[in-house]
Trainee: 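Here it is, the structure, as structure tokens.
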Amino acid sequence: MAATEAEIGPAVERVTAPVPETAETAAGTATTSPATAAAAIVAAAARTGTEATASKAALATKLLSLSGVFAVRKPKGPTSAELLNRLKQKLLAEAGMPHKEWTKRKKQTLKIGHGGTLDSAARGVLVVGIGRGTKMLTSMLSESKRYVAVGELGRATDTLDSTGKITEVKPYDKITQEDIESILQKFTGNIMQVPPLYSALKKDGQRLSTLMKRGEVVEAKPARPVTVYSISLQKFQPPFFTLDVECGGGFYVRSLVSDIGKELSSCANVLELTRTKQGPFTLEEHALAEDRWTIDDIAQSLEHCPSLLPAELTLKKTKPEESREQVLSCKSATLNETTGNDEIIKTF
């Protein structure tokens with residue numbers, strides 16, 4: 001079981017990569033905007049190499065100038081960290097910037113991270129920060145999220161979803177649609193929720209899920225306050241039921257489905273989980289499929305950053321002395337965080 005659907009905090013990867021060798025001299029003269037740097041790099045590359053080399057040099061400069069927040073589509077299978085690494089490698093390859101055996105001279109830094117982990121078995125919106133946009137990822141944790149979850153009545157598992165071992169089987173044949181709808185109000189608003197044992201929460205610096213996989217005895221974390229803005233039953237075909245849930249940060253859909261099963265005097269686990277929205281980013285409108293993980297497509301997505309983000313987060317011009325690679329950047333707002341939750345910034 002990988003990390004949970006509740007956000008453990010922005011995972012930020014700092015990737016140090018060199019500008020192509022043919023552009024070293026030109027890059028050293030660039031002191032202002034990416035456009036100026038790109039022009040100098042392309043000119044140098046044209047003098048010393050081919051048109052293809054010049055194009056790669058321009059892409060490298062453009063990649064290093066990207067700054068802001070966008071969204072990608074996460075499929076079932078990879079963990080959020082694995083998906084982020086795949087994205088990073090595609091961008092570096094497109095720009096002709098090697099991922100390994102970097103030179104120690106003329107280093108420039110590509111920062112990339114995600115703002116809210118999804119289970120490996122889950123799919124949906126994964127918010128990504130690039131450049132100075134990684135500073136905005138903490139604010140993404142406080143934004144509302146929306147999920148569509150398919151639950152299965154009558155079976156409980158140790159992970160609270162279909163990837164785990166069955167721990168309990170109970171009858172469900174007498175449960176009706178009205179029964180489910182009547183109890184949903186109990187799970188709406190500010191409620192207390194016990195996180196799953198298989199989660200990204202930590203004990204002594206290690207994830208609970210890692211400790212569980214080792215066979216170690218792990219005590220359940222105490223119930224903590226979470227917020228459910230809305231919840232509705234979309235479909236009921238016993239033993240399966242589909243929920244549409246909008247919630248705040250730190251919420252576990254797996255715990256919700258399990259608790260609903262218990263409230264119905266049965267048990268339940270999550271069969272399918274899709275995050276359809278995080279903050280202003282929706283799966284259908286904003287999340288880039290893998291075939292659109294290109295420098296140009298991401299740059300286009302970043303252009304919509306000001307219109308999507310709340311008033312506290314605005315796009316501003318970067319002073320020349322702050323960064324020679326970046327002209328535009330999304331400014332981060334300082335937000336209060338709940339002490340002791342799993343929403344922490346992780347840098348690797």
Side-chain angles (χ1 to χ4, degrees), residues 4-7 116 118-119 121-125 140-157 159-162 164 167-199 201 220-284 336 338 340-343:
T4 66
E5 72 274 3
E7 288 67 29
L118 274 173
D119 284 338
R123 60 166 67 93
V125 177
M140 290 295 103
L141 299 175
S142 65
E143 295 285 325
S144 66
K145 293 90 180 169
R146 195 160 191 166
Y147 298 89
V148 171
V150 178
E152 179 187 23
L153 291 168
R155 293 191 182 196
T157 68
T159 60
L160 307 188
D161 68 8
S162 60
T167 58
E168 189 176 22
V169 176
K170 284 189 173 183
Y172 59 85
D173 53 295
K174 293 184 179 180
I175 297 175
T176 66
Q177 179 171 328
E178 290 71 23
D179 290 333
I180 298 178
E181 291 176 335
S182 66
I183 68 168
L184 293 185
Q185 186 62 34
K186 295 183 179 181
F187 298 98
T188 305
N190 297 319
I191 63 174
M192 300 297 291
Q193 185 185 70
V194 177
L197 287 177
Y198 276 87
S199 71
L201 294 176
K221 291 284 186 178
R224 60 184 188 173
V226 293
T227 302
V228 179
Y229 300 109
S230 65
I231 179 172
S232 61
L233 179 65
Q234 300 296 302
K235 191 175 183 180
F236 182 54
Q237 290 183 326
F240 308 114
F241 60 99
T242 303
L243 300 174
D244 188 320
V245 183
E246 185 172 6
C247 57
F251 185 82
Y252 287 85
V253 177
R254 288 182 288 126
S255 289
L256 168 68
V257 170
S258 177
D259 290 342
I260 287 175
K262 294 174 183 177
E263 190 70 25
L264 293 167
S265 299
S266 182
C267 54
N269 74 92
V270 172
L271 198 63
E272 296 281 347
L273 181 64
T274 303
R275 183 156 67 195
T276 58
K277 182 176 181 289
Q278 182 177 1
F281 300 99
T282 65
L283 182 61
E284 294 302 323
N336 294 328
T338 304
N341 66 13
D342 55 347
E343 300 181 345

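Below, all heavy atoms of this structure are taken into account, side chains as well, without hydrogens, waters or symmetry copies.
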Trainee: Check whether any side-chain heavy atom of Val270 lies under 4.5 Å from a side-chain heavy atom of Leu160, and answer yes or no.
Mentor: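 No, side chains not in contact.
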Trainee: Side chains of Gln237 and Lys235, heavy atoms from C-beta outward: is any pair under 4.5 Å?
Mentor: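 Side-chain contact under 4.5 Å: yes.
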Trainee: Can you list everything that forms a salt bridge (Lys or Arg N to Asp or Glu O under 4.0 Å) with Glu178? Sequence neighbours excluded, please.
Mentor: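 Testing Glu178 for salt bridge (Lys or Arg N to Asp or Glu O under 4.0 Å), a comparison that skips the adjacent residues, returns none.
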Trainee: How many angstroms lie between atom SG of Cys247 and atom CZ of Phe187, to the nearest 0.5 angstrom?
Mentor: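 Answer for the SG-CZ pair, Cys247 versus Phe187, is 14.0 Å.
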Trainee: State the OG1-CZ distance between Thr176 and Phe236, to the nearest 0.5 angstrom.
Mentor: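 Separation between the atoms: 7.0 Å.
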Trainee: Could you pull out all residues at least two apart from Ser232 that satisfy side chain to side chain contact (heavy atoms under 4.5 Å, CB included)?
Mentor: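 Scan of Ser232 (side chain to side chain contact (heavy atoms under 4.5 Å, CB included), adjacent residues dropped) gives Gln234, Asp244.
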Trainee: My understanding is that only residues two or more places apart in sequence, or in another chain, count here; which of them pass side chain to side chain contact (heavy atoms under 4.5 Å, CB included) with Pro171?
Mentor: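 Per chain and number, Pro171 pairs via side chain to side chain contact (heavy atoms under 4.5 Å, CB included) with Asp173.
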Trainee: Where the side chain of Lys145 meets the backbone of Glu143, is there a donor-acceptor pair that is under 3.5 Å apart?
Mentor: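 Here the side-chain-to-backbone pair exists.
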Trainee: Under the rule for side-chain hydrogen bond (donor to acceptor under 3.5 Å, both in side chains), what residues qualify as partners of Thr282, not counting sequence neighbours?
Mentor: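 Partners of Thr282 by the side-chain hydrogen bond (donor to acceptor under 3.5 Å, both in side chains) criterion, ordered by chain and then number, come out as His286.
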Trainee: Taking side-chain hydrogen bond (donor to acceptor under 3.5 Å, both in side chains) as the definition, give me every residue that meets it alongside Thr188, ordered by chain and number, with sequence neighbours left out.
Mentor: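 Thr188: no side-chain hydrogen bond (donor to acceptor under 3.5 Å, both in side chains) contacts found.
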Trainee: Return the CD1 to CG distance between Ile231 and Leu184, rounded to the nearest 0.5 Å.
Mentor: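 Nearest 0.5 Å value for the CD1-CG distance: 4.5 Å.
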Trainee: With sequence neighbours left out, write down each residue that passes side chain to side chain contact (heavy atoms under 4.5 Å, CB included) with Lys186, or none if nothing qualifies.
Mentor: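 Expected list: Glu263.
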Trainee: Answer whether the closest heavy-atom distance between the side chains of Leu273 and Tyr147 falls below 4.5 Å.
Mentor: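 The answer is yes; the side chains approach within 4.5 Å.
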Trainee: Closest heavy-atom contact between Leu118 and Val125?
Mentor: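 Minimum heavy-atom contact is CD1-O, 3.6 Å.
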Trainee: Applying salt bridge (Lys or Arg N to Asp or Glu O under 4.0 Å), can you list everything that pairs with Lys170, at least two apart in sequence or on another chain?
Mentor: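 Partners of Lys170 under the salt bridge (Lys or Arg N to Asp or Glu O under 4.0 Å) test: Glu168.
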Trainee: Is there a side-chain contact between Ser266 and Ile175 in this structure, where contact means two heavy atoms from C-beta onward sitting under 4.5 Å apart?
Mentor: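 Yes, at least one pair of side-chain atoms sits under 4.5 Å.
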Trainee: Is the backbone of Gly164 close enough, under 3.5 Å, to the side chain of Thr159 for a donor and an acceptor to pair up by distance?
Mentor: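 Yes, Thr159 side chain to Gly164 backbone: donor-acceptor pair under 3.5 Å.
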Trainee: Is the backbone N or O of Thr157 less than 3.5 Å from a side-chain atom of Asn269, with the two atoms forming a donor-acceptor pair by type?
Mentor: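 Flag not set: sc Asn269 to bb Thr157 has no pair under 3.5 Å.
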Trainee: Looking only at heavy atoms, which two atoms of Asp179 and Lys174 are closest? And how far apart?
Mentor: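 The answer is OD2-O, 3.6 Å.
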Trainee: Please name the pair of heavy atoms, one in Gly154 and one in Tyr172, separated by the smallest distance, quoted to 0.1 Å.
Mentor: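 In this case the closest contact between Gly154 and Tyr172 is CA-CD2, 3.9 Å.
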Trainee: Could you pull out all residues at least two apart from Glu246 that satisfy side chain to side chain contact (heavy atoms under 4.5 Å, CB included)?
Mentor: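 Per chain and number, Glu246 pairs via side chain to side chain contact (heavy atoms under 4.5 Å, CB included) with Ser144, Arg146, Tyr229, Ser230.
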Trainee: Check whether any side-chain heavy atom of Leu271 lies under 4.5 Å from a side-chain heavy atom of Asp161, and answer yes or no.
Mentor: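 No, every pair of side-chain atoms sits at 4.5 Å or beyond.
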Trainee: Begin with the C-alpha distance, continue with both residues' side-chain angles, and end with the deciding distance and a verdict on side-chain contact (heavy atoms from CB on, under 4.5 Å) for Gln177 and Leu233.
Mentor: CA-CA 8 Å; Gln177 179 171 328; Leu233 179 65; 3.6 Å; yes
Trainee: If I compare all heavy atoms of Gly151 with all of Val257, which pair ends up nearest, and what's the gap?
Mentor: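 In this case the closest contact between Gly151 and Val257 is CA-CG1, 4.1 Å.
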Trainee: Can you see whether Thr227 engages Asn190 through a side-chain donor-acceptor pair at a distance of less than 3.5 angstrom?
Mentor: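 Short answer, yes.
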Trainee: Measure from the side-chain N and O atoms of Arg224 to the backbone N and O of Gly250, and report whether any donor-acceptor pair falls under 3.5 Å.
Mentor: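 Side chain of Arg224 to backbone of Gly250: a pair is present.
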Trainee: Quick one: list whatever passes salt bridge (Lys or Arg N to Asp or Glu O under 4.0 Å) with Arg123, sequence neighbours left out.
Mentor: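 Result, salt bridge (Lys or Arg N to Asp or Glu O under 4.0 Å) vs Arg123: Glu272.
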Trainee: Just so I know, are the side chains of Val150 and Leu243 near enough to count as touching, which here means a heavy-atom distance under 4.5 Å?
Mentor: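 No, too far: nothing below the 4.5 Å cut-off.
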Trainee: May I ask you to test the Lys262-Cys267 pair for a side-chain heavy-atom distance under 4.5 Å?
Mentor: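 Of all side-chain heavy-atom pairs linking Cys267 with Lys262, none is under 4.5 Å.
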Trainee: Passes side-chain contact (heavy atoms from CB on, under 4.5 Å), Gln193 versus Phe251? Steps please.
Mentor: CA-CA 8 Å; Gln193 185 185 70; Phe251 185 82; 3.3 Å; yes
